[in-house]
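Below: the structure, in structure tokens.
Indexing begins at 1, ligand by ligand and atom by atom, following the structure's order. Hydrogens, waters and symmetry mates are skipped; everything else that's a heavy atom, side chains included, is used.
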Amino acid sequence: MKVLVLNCGSSSLKYQFLDMENEEVLAKGLVERIGFEGSCLTHKRPNADKYYVETPMENHEVAVKLVMDALMDSEHGVIKDVSEIYAVGHRVVHGGSKFADSVVVDEDVKASIRECFDLGPLHNPANLMGIEACEAAMPGVPNVAVFDTAFGMGMSEEAFLYAVPYEYYEKYQLRRYGFHGTSHKYVSGRTIEFGELPEGHRKVIVCHLGNGASISASIDGKCVETSMGLTPLEGLVMGTRSGNVDPAVVQFIAHHENMNVDEVLNVLNKKSGVLGISGISNDFRDIEMAEAEGNARAKMANDVFHHSVIKTIGGYAAIMNGVDAIAFTAGVGENGPETRERVCASLGYLGVEIDKEKNKVRGVERLISTEDSKVKVFIIPTNEELAIARETLALVK
Ligand code: AMP
């Protein structure tokens, strides 16, 4: 059974095509500049040359057709016929308070995704376009929506409610949702499995540290806390996002810089974080390199980032009254031994002790804490595409 996984942005489309018999990736690729001049598709198969097509694509429907052509191409393809596509799994960013789980798409689901446009204005319209493009291009093939917010729906009211007039929650479902849910669910589950955590010892903190960064706390795989909020802006300091700020900062910047609220939010989303503090880059590799060369603002940016991670882990350990395992994942979490070491160095009070030699790796699944460490610490590479493919198959099988 072969499953296509799609992650649609407003002008891009990432895909992976997996054989679920052995969970092998048969092909993957990226379509860029949909609706713009110079639109192109890059298609890759393991151990084969890249296949690159540059052709006009006015919308997602054309893009999806091109993906199918690539998958069925006589030279670069991996299937002969559309009937070999068993189902399509779509990453949908915002499910509002309706979806605590993945669902098979029907007209009602599409209407609900549309209702969430104001909650996820940058992503949900593109996600829906991707679904509709697949319906048109592959009639009869089931589509499954896998929501980034679903994992956070496990939180209880004390964790998800903002202390603003309750009527806003009742009227607009204004609450903390959390994002990167597919990754947090996959990594927390994998931590329990890989770490062989016994029942009653499954308090897990997952640090998803990439350009976007978030932390979750879960017990037995059920989310109890997560750092992103109504939007992905809340929580940790990130590549370009500020994370938590006093809300009055918005008014202060607006007054002093003569901006409206949307413009200030654009600054907080796109020009802040380690980019904003360092003035150098949103890429943590650049920040680390500049810090090593003695750049004071790069050091400051990195320090503020680590501070926010350490503070959040401590808060979540307190909320769960303990922690059994901490897992690092995503770009920096998987590939940044320095970040893992610096964060863990401040968690000695929890009984965290990492083995510096074991920590000197990038991108592998591994236990990196010492035998004596009271809390097990892991690197668990995330795999959102595989998680989406599994959820998809489970629903349509
Ligand atoms: P992601 O959003 O998960 O793709 O992660 C992207 C971030 O991971 C970027 O800021 C990268 O600089 C960072 N990253 C990737 N490799 C490394 C590395 N070897 N050391 C530090 N950061 C890294």
Side-chain angles (χ1 to χ4, degrees), residues 5 7 9 12-16 25 28-30 32 42 44 91 93 122-123 148 151 178-188 190 206-216 226-228 231-243 269-293 295 297-306 308-309 327-345 354 356 358-366 368 378-388:
V5 175
N7 182 354
S12 69
L13 183 167
K14 268 193 251 170
Y15 64 93
Q16 251 189 41
V25 178
K28 61 182 174 181
L30 172 66
E32 293 168 281
T42 312
K44 294 181 203 160
R91 175 180 182 232
V93 168
L122 298 180
H123 297 97
D148 240 28
F151 187 63
F179 295 83
H180 294 145
T182 308
S183 174
H184 284 290
K185 183 175 173 183
Y186 173 83
V187 174
S188 55
R190 187 67 199 140
V206 172
C207 304
H208 178 114
L209 308 179
N211 187 37
S214 63
I215 299 187
S216 69
T226 189
S227 58
M228 285 176 165
T231 76
L233 183 55
E234 190 180 342
L236 305 175
V237 170
M238 311 181 207
T240 64
R241 296 190 190 112
S242 62
N269 268 306
K270 301 206 171 131
K271 298 181 181 167
S272 299
V274 293
L275 168 67
I277 296 179
S278 71
I280 294 172
S281 171
N282 65 312
D283 191 305
F284 283 90
R285 277 167 296 200
D286 300 338
I287 299 289
E288 280 179 10
M289 227 177 324
E291 182 178 353
E293 286 163 3
N295 184 300
R297 272 177 53 192
K299 176 176 178 344
M300 228 183 310
N302 225 357
D303 287 349
V304 175
F305 166 66
H306 288 119
S308 75
V309 173
F328 287 93
T329 194
V332 186
E334 292 168 28
N335 301 299
E338 299 84 6
T339 289
R340 294 190 298 261
E341 192 175 326
R342 280 173 75 169
V343 168
C344 289
I354 63 163
K356 290 185 181 169
K358 286 188 190 159
N359 183 41
K360 280 186 192 158
V361 286
R362 299 184 194 277
V364 292
E365 197 170 53
R366 166 179 273 198
I368 57 167
F378 299 93
I379 305 167
I380 303 283
T382 192
N383 193 338
E384 287 171 271
E385 289 79 12
L386 176 60
I388 291 173

NZ/NE/NH1/NH2 to OD/OE distance under 4.0 Å, R342 and E291: yes
R190/E365 ion pair, N-O < 4.0 Å: yes
All ring-ring contact (aromatic ring centres under 6.0 Å, His included) counterparts of F305, not counting sequence neighbours: F284
Non-hydrogen side-chain atoms of K358 and I354 separated by less than 4.5 Å: no
Output, or 'none' if empty, a list of ligand 1-protein atom pairs in which both atoms are N or O and the distance is under 3.5 Å, rounded to 0.1 Å.
| residue | atom | partner | partner atom | Å |
| --- | --- | --- | --- | --- |
| ligand 1 | 2 (O) | N211 | N | 2.9 |
| ligand 1 | 3 (O) | G331 | N | 2.9 |
| ligand 1 | 8 (O) | V332 | N | 3.4 |
| ligand 1 | 10 (O) | F284 | N | 3.0 |
| ligand 1 | 12 (O) | D283 | OD1 | 2.2 |
| ligand 1 | 12 (O) | D283 | OD2 | 3.4 |
| ligand 1 | 12 (O) | F284 | N | 3.3 |
| ligand 1 | 12 (O) | R285 | N | 3.3 |
| ligand 1 | 12 (O) | R285 | NE | 3.2 |
| ligand 1 | 19 (N) | N335 | O | 3.1 |
| ligand 1 | 19 (N) | R362 | NH1 | 3.0 |
| ligand 1 | 20 (N) | N335 | O | 3.3 |

With sequence neighbours excluded, residues passing side-chain contact (heavy atoms from CB on, under 4.5 Å) with T329: S183, V187, V206, H208, E334, T382
For H184, side chain to side chain donor-acceptor pair (under 3.5 Å) partners two or more places apart: S214, S216
